[in-house]
Amino acid sequence: MTAADPDIDAFTRPYWDAAAGGHLLLRRCAACGRAHHYPREFCPYCWSEDVCWERASGRATLYTWSVVHRNDLPPFGDRVPYVAAVVDLAEGPRMMTEVVDMAEGDLRIGMELEVAFRSEGEVEVPVFGPRSGEAEVPVPGPRSAR
C-alpha cells in the first residue's frame, strides 16, 4: 500500500467503480441542489443527508497548479516532476487532481480540461488533460506566480 492508494469502503465504492468504467461521479444535494466533491454522506452547504451520486460531465477549467519536483512518498517520487492542480468542475465543485499530457509552459488559469483516468494498482484515478477534439483557448485572467 502506498500514499496514493485510496481508502475504499462501502460508501466510496460507487465512485471507484464508476472511475473504473471511465466516469467521474459527484454528490448532489436534493435539498439545496448543490454538487460537491470529495464524496460525503451529507451536504457540506446545508447539512442535508439527502444526497445522491451524479455522473459529472468530466469538463473542468484550471484554477491553479504547482509543479512538484520532489516528493519522497511512493509512488510519487517516480513521477517527478508532475503538475498538482485544482480544477473547477463544470458542475461547480473544485477538485484536487493532477494535470497530465501538457507541458508546464502551456498551462494557463482558466484553460479548459477534460477528465482522463490513470491506473494506480487496482483502481483508476481521475486526472485532467487537454480537451479532446477542441483547440485550447485560454481564458484571460491572472497568471500564476512561479
Side-chain angles (χ1 to χ4, degrees), residues 2-8 11-12 14-48 51-146:
T2 71
D5 293 332
D7 185 18
I8 300 173
F11 171 70
T12 61
Y15 178 86
W16 296 108
D17 287 348
H23 304 291
L24 179 64
L25 293 185
L26 301 172
R27 299 283 281 175
R28 183 166 301 273
C29 178
C32 72
R34 294 178 74 176
H36 61 270
H37 186 79
Y38 66 93
R40 288 166 258 199
E41 296 186 60
F42 61 90
C43 176
Y45 303 107
C46 73
W47 299 95
S48 171
V51 293
C52 61
W53 292 107
E54 172 182 292
R55 185 168 158 184
S57 67
R59 297 170 69 96
T61 57
L62 184 59
Y63 176 75
T64 191
W65 76 92
S66 180
V67 179
V68 178
H69 293 277
R70 182 175 178 169
N71 187 333
D72 296 331
L73 295 173
F76 303 108
D78 296 335
R79 292 192 197 138
V80 293
Y82 63 89
V83 178
V86 177
V87 297
D88 287 326
L89 300 173
E91 293 78 11
R94 284 200 171 131
M95 177 179 177
M96 292 182 66
T97 187
E98 183 178 342
V99 174
V100 298
D101 300 329
M102 297 187 73
E104 174 188 348
D106 293 337
L107 297 172
R108 300 288 179 266
I109 291 173
M111 70 185 312
E112 297 181 347
L113 300 170
E114 181 175 77
V115 74
F117 292 87
R118 178 179 56 221
S119 293
E120 294 284 345
E122 297 180 17
V123 298
E124 298 292 315
V125 175
V127 295
F128 283 78
R131 286 204 183 154
S132 59
E134 294 184 21
E136 292 298 325
V137 180
V139 175
R143 295 191 51 125
S144 71
R146 296 190 192 182

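What you see is a predicted model; the values in this text were computed from it and never measured.
R34 contributes atom CZ, which lies 7.0 Å from atom SG of C43 (distance to the nearest 0.5 angstrom). Rounded to the nearest 0.5 angstrom, D101 CG and L113 CG are separated by 11.0 Å. Atom CG of D106 and atom CE of M111 lie 7.0 Å apart (nearest 0.5 Å). Rounding to the nearest 0.5 Å gives a distance of 9.0 Å between CG of D17 and OG1 of T12. To the nearest 0.5 angstrom, C29 atom SG is 11.5 Å from E54 atom CD.
V127 approaches T97 most closely through the heavy-atom pair CA-OG1, 3.5 Å. Closest approach of P126 to Y15, counting heavy atoms only: CG-OH, 3.3 Å. The two residues E124 and W16 come nearest to each other via the heavy atoms O-CZ3, 3.4 Å. Shortest non-hydrogen contact noted between V100 and P130 is O-CD, 3.7 Å. Between H37 and L26, the shortest heavy-atom contact is CB-CD2, 3.8 Å. Contact between A60 and F128 at its shortest, heavy atoms only, is CB-CE2, 3.7 Å.
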message: One pair to check against side chain to side chain contact (heavy atoms under 4.5 Å, CB included): R59 and R131. What are the steps and the verdict?
response: CA-CA 8 Å; R59 297 170 69 96; R131 286 204 183 154; 2.4 Å; yes
message: side chain to side chain contact (heavy atoms under 4.5 Å, CB included), that's the test. Do L89 and L24 meet it? Break it down for me.
response: CA-CA 10 Å; L89 300 173; L24 179 64; 4.1 Å; yes
task: Using the side chain to side chain contact (heavy atoms under 4.5 Å, CB included) rule, take V51 and R40 through it: C-alpha gap first, then chi angles, then the decisive distance, then the call.
output: CA-CA 9 Å; V51 293; R40 288 166 258 199; over 6 Å; no
task: Output, in order, the C-alpha distance, side-chain angles, deciding distance and verdict of side chain to side chain contact (heavy atoms under 4.5 Å, CB included) for R55 and L25.
output: CA-CA 5 Å; R55 185 168 158 184; L25 293 185; 4.2 Å; yes
- prompt: Should R28 and E91 be marked as a salt bridge (Lys or Arg N to Asp or Glu O under 4.0 Å) after you check the CA-CA gap, both sets of side-chain angles, and the distance that decides it?
  reply: CA-CA 10 Å; R28 183 166 301 273; E91 293 78 11; over 6 Å; no
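Between F42 and W47, the angle of the ring planes stays under 30°, which puts this pair in the parallel group of the 30/60° scheme.
Under a cut-off of 6.0 angstrom, the local environment of OH in Y38 is sparse, with at most 12 non-hydrogen atoms contributed by other residues, nucleotides or ligands. Residue R118 places its CZ atom among more than 12 non-hydrogen atoms of other residues, nucleotides or ligands, all under 6.0 Å distant.
Proximity of V67 to V83: side-chain heavy atoms (C-beta onward) are separated by under 4.5 Å at one or more points.
No side-chain donor-acceptor contact under 3.5 Å links T61 and E112.
For Y82 and W65, the ring centers sit 6.0 Å or farther from each other.
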